[in-house]
Amino acid sequence: MTAAGEPVPVPEAAGKPLRAARPPRQVTGLRQRLAELRGPATVPHPMDARALAALAANPGCRRRALLDGAGVDKGALASALGAPANFGQSQFAHQRGNSFEARVKADGGADLVRLLHERLRDGSEAPGPGAVATPDLTAPGPQGRTARTALALREATEAGRWALLDHPMVSLDVAGSPAFLEPDAVVVHPDGSWTVVEIKSFPMVDGSADPAKVGAAARQSAVYTLALERVASMIRRLPEDGGDTADAADAVDAVAVETASAAKTAEAAGGAETAGPVAPAEAAASADPAGTAARERPVTRAEAALRARVRHHVLLVCPKDFSNLPTAEMVDVRKQLAVTRRQLDRLTRIEEIAAALPEGTTFDLRLTDDGRTPTRPVEELTAAVEAVDAAYAPECLSTCELAAHCRTRSRAAGRVEALGRGVRGELGGLTTMDAVLTAAMERPADDAPTGDPTVDALRRAAALRAEALASHPEAVACR
C-alpha cells in the first residue's frame, strides 16, 4: 500500500499497462501494536538476511523475534541502554565491498554469468555476447519490488535464456510478520532453474576461504533460497496454456499481496516449503540442462512454469588471492536450508509475544528533532526490554546488537547461559551459578550418590579440585 492507502501498482510484462494489485487483508491491530512498540514516529528498521539467519540460529529468543518483527533499531536501542554493539563492518570495508560488487556485475553481468557457467561444469552451452538479459526491477515500495521481482522471474523462466536479476527483492514470513530480503543477485538458467549469487569481500586464497565466513555466507544464502522457493511455488501455480491469463498474473500478484499481510493463510505457509517430487517437466529440464529440447519445439506457458525451481548450490564470489579479481565456488546450502526452515517454524508468532507484554510497553527512544539523541529514561527502556524473555548465549555477541546488554543482565542474575549452550545443556536443571556451586560444595557425611548424575559429577569435580589444591599448598586457589 502507498502512503495514501492506494493499492500498490504491480508491474506487468513488457508492453502491458500497470494494474493495481488486490488490497491485502486488514491486519490493522497487529500493525498498530508493532508501530506502538517501536514508536509511532519511528521508521521501521529493515530486517536483512544476516539478521534473519542469526534469529533462526537462536529461535528461543523471544526478545529478538519481537524487536526484529516490530522493526526496532536494536543498535540504537543498545546504545541508549549504555551497552552499544562492538561489531559490524567498517566504512572502509563497506566501500571496498561495494566497489568489488560493482566490478563483478560490470558489463551487464555477462562476466558473472560466465563465471557461474564455468563453475557448473554441466555441459550446458556458454552464454554468448548479449545473451544475458537484465530486467528492470524498479517499482515503488518493498511490496512493489517484490511483485516486480516475481514477474521478472516468471518472464525469464518462460523465455528460456540466461537472465541476471541485480538486487531483486523477495519476502519471507518470520513469526507472522513479512521480512523483505535483497540478495546480491539471482541468475535464471535457460532450463528455468535459479541460482542465488552471494558476493563477499573476504579473499579466497588458492580456492578456499575462511570456513567461518563461508558458513555465515551459506546461512545467508539459505535464507534467500527459502524465500525464492516460495516465489517458484507461486509460478508453478500458473494455469495450463490457453487458460485465463488474468488468473495467471494473479498467482504472481499473490506474492505481493501475501507479503503485505502479517496473517498468513495455510496455503501461503505451505508455499515456502520445499518443492515436492520432481514434475515431468522438471525432470526433462534436469536431463537437458542446455535447453536443447526447448529450442527444438515451442514450449507452452505451463511447461515453462513447471521448470521454475531454485538450485540448492549457490555461487559464492570473492576476491582472488587478495586482488580485486573475482573468483567463485559453488556452495551446497541444503543443510543450512533445512536448519533455517525448521528453526523459523519454531519461532513464536509475534502477536503472541506482543499480547503477553504489560500494557503500555514500548521501545520508543523518543528521539529529539534531529533524530539522534534519545530522551527516554534508561530505567524505562530497561524495564521495557526486560519485559520480553531473552535466550542469551556467547554466540550472540557476534550476531546481535543487544548481546552486550543481555550478557550483563545474564551475569548479574547468575544464569549459566552466560557460559555457553554446551555448559547449559550439561547442567540440566541447575540454571544459576549459585545452584551449581551449592550442588558441588554441599557433600553429605556418607558421601552417598544423590541419584542426579549432574550433581554427582559436580561433587566429584569439586573433590578432585580440593585434592589437587591440598597436594600443592603453595598454589593459589581460584576466586
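Using a cut-off of 4.0 Å between Lys/Arg side-chain N and Asp/Glu carboxylate O, Arg342 and Asp345 are scored as not salt-bridged. Ionic pairing of Glu351 and Arg349 is present here: one or more N-O contacts between side-chain nitrogen and carboxylate oxygen are shorter than 4.0 angstrom. Salt-bridge check for Arg421 with Glu395: passed, with a basic side-chain N closer than 4.0 Å to an acidic carboxylate O.
Counting all heavy atoms, side chain and backbone alike, Thr134 lies closest to Gly108 at CG2-O, 3.2 Å. What you find for Leu337 and Ala222 is that their closest heavy atoms are CD1-O, 3.4 Å. Asp48 approaches Ala51 most closely through the heavy-atom pair OD1-N, 2.8 Å. Between Ala85 and Ala78, the shortest heavy-atom distance links the atoms N-CB, 4.5 Å. Shortest non-hydrogen contact noted between Leu137 and Pro168 is CD1-CA, 3.6 Å. Nearest heavy-atom pair across Ser201 and Pro319 is O-CG, 3.5 Å.
To the nearest 0.5 Å, atom SG of residue Cys318 and atom CD of residue Glu198 are 9.0 Å apart. For the atom pair OG1 (Thr146) and CG (Leu172), the distance works out to 11.0 Å, reported to the nearest 0.5 Å. Leu67 CG to Ile353 CD1: the interatomic distance, rounded to the nearest 0.5 Å, is 9.5 Å. Atom CE of Met169 is separated from atom CG of Leu181 by 8.0 Å, given to the nearest 0.5 angstrom. Distance CD/Glu401 to CG/Leu77: 10.0 Å, rounded to 0.5 Å. For the atom pair Leu120 CG and His313 NE2, the distance stands at 10.0 Å (nearest 0.5 Å).
Counting heavy atoms from C-beta on, the side chains of Thr225 and Val314 come closer than 4.5 Å. Put simply, the side chain of Gln143 reaches to within 4.5 Å of the side chain of Phe180, judged on heavy atoms. Contact annotation: the side chain of Thr195 never approaches that of Val186 to less than 4.5 Å [non-hydrogen atoms, C-beta and beyond]. Using a 4.5 Å cut-off on side-chain heavy atoms (C-beta onward), Arg219 and Thr340 make no contact. Between Leu153 and Val188, some side-chain heavy-atom pair lies under the 4.5 Å cut-off. Using a 4.5 Å heavy-atom threshold, the side chains of Leu316 and Lys200 count as touching. Contact of the Arg161 side chain with the Pro190 side chain is not registered, since no non-hydrogen atoms from C-beta on lie closer than 4.5 Å. Thr149 places none of its side-chain heavy atoms less than 4.5 Å from the side chain of Val231.
Between the side chain of Asp321 and the backbone N or O of Ser323 there is no donor-acceptor pair closer than 3.5 Å. A donor-acceptor contact shorter than 3.5 Å links the side chain of Arg424 to the backbone of Gly428. With hydrogens and angles disregarded, no donor-acceptor distance shorter than 3.5 Å links the side chain of Ser208 to the backbone of Met204. A donor-acceptor pair is defined here as one N or O able to donate and one able to accept, closer than 3.5 Å; such a pair exists between the side chain of Ser221 and the backbone of Ala217. Although no hydrogens or angles enter the test, the distance criterion places no donor-acceptor pair under 3.5 Å between the side chain of Arg148 and the main chain of Ala139. Side-chain atoms of Arg114 do not come within 3.5 Å of backbone N or O of Pro127 as any donor-acceptor pair.
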Fill in: Glu182/Arg145 under salt bridge (charged side-chain N to carboxylate O under 4.0 Å, His left out): CA gap, chis, key distance, verdict
CA-CA 10 Å; Glu182 190 176 357; Arg145 289 186 59 196; 3.3 Å; yes
Practice prompt. Before giving the answer on side-chain contact (heavy atoms from CB on, under 4.5 Å), spell out for Leu55 and Val174 the whole-Å C-alpha distance, their side-chain angles and the decisive distance to 0.1 Å.
Written response: CA-CA 10 Å; Leu55 176 61; Val174 182; 3.8 Å; yes
Discussion item. Show, in sequence, the C-alpha distance, side-chain angles and deciding distance for Lys213 and Phe202, and conclude whether the side-chain contact (heavy atoms from CB on, under 4.5 Å) test is met.
Written reply: CA-CA 8 Å; Lys213 295 181 179 180; Phe202 56 81; 3.8 Å; yes
Discussion item. Does Asp184 form a side-chain contact (heavy atoms from CB on, under 4.5 Å) with His167? I'd like the steps, not just the answer.
Written reply: CA-CA 5 Å; Asp184 290 332; His167 284 288; 3.9 Å; yes
Worksheet item: Should Glu229 and Arg341 be marked as a salt bridge (charged side-chain N to carboxylate O under 4.0 Å, His left out) after you check the CA-CA gap, both sets of side-chain angles, and the distance that decides it?
Response: CA-CA 11 Å; Glu229 283 184 348; Arg341 182 184 291 109; 2.8 Å; yes
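Screening residues 97-109 for salt bridge (Lys or Arg N to Asp or Glu O under 4.0 Å), with sequence neighbours left out, gives Glu101-Lys105, Lys105-Asp166. Residue pairs meeting the ring pair (Phe, Tyr, Trp, His ring centres under 6.0 Å) criterion with at least one member in residues 322-343, sequence neighbours excluded, do not occur.
Every side-chain contact (heavy atoms from CB on, under 4.5 Å) that Arg409 has, sequence neighbours left out, goes to Thr382, Glu386, His405. Listed by chain and number, the residues in a salt bridge (Lys or Arg N to Asp or Glu O under 4.0 Å) with Asp389 amount to none (sequence neighbours excluded). Looking at residues two or more places apart in sequence or on another chain, you find no side chain to side chain donor-acceptor pair (under 3.5 Å) involving Asp73. Residues meeting the side-chain contact (heavy atoms from CB on, under 4.5 Å) test with Arg346, sequence neighbours left out: Pro59, Gln343.
No side-chain donor from either of Thr399 and Arg50 sits under 3.5 Å from a side-chain acceptor of the other. Inspection of the Asp191 and Ser193 side chains reveals an N or O donor paired with an N or O acceptor under 3.5 Å. For the 3.5 Å distance criterion, the side chains of Thr157 and Trp194 qualify, holding a donor opposite an acceptor.
His189 and Trp162 have tilted rings, their planes meeting at an angle from 30° to 60° on a 0 to 90° scale.
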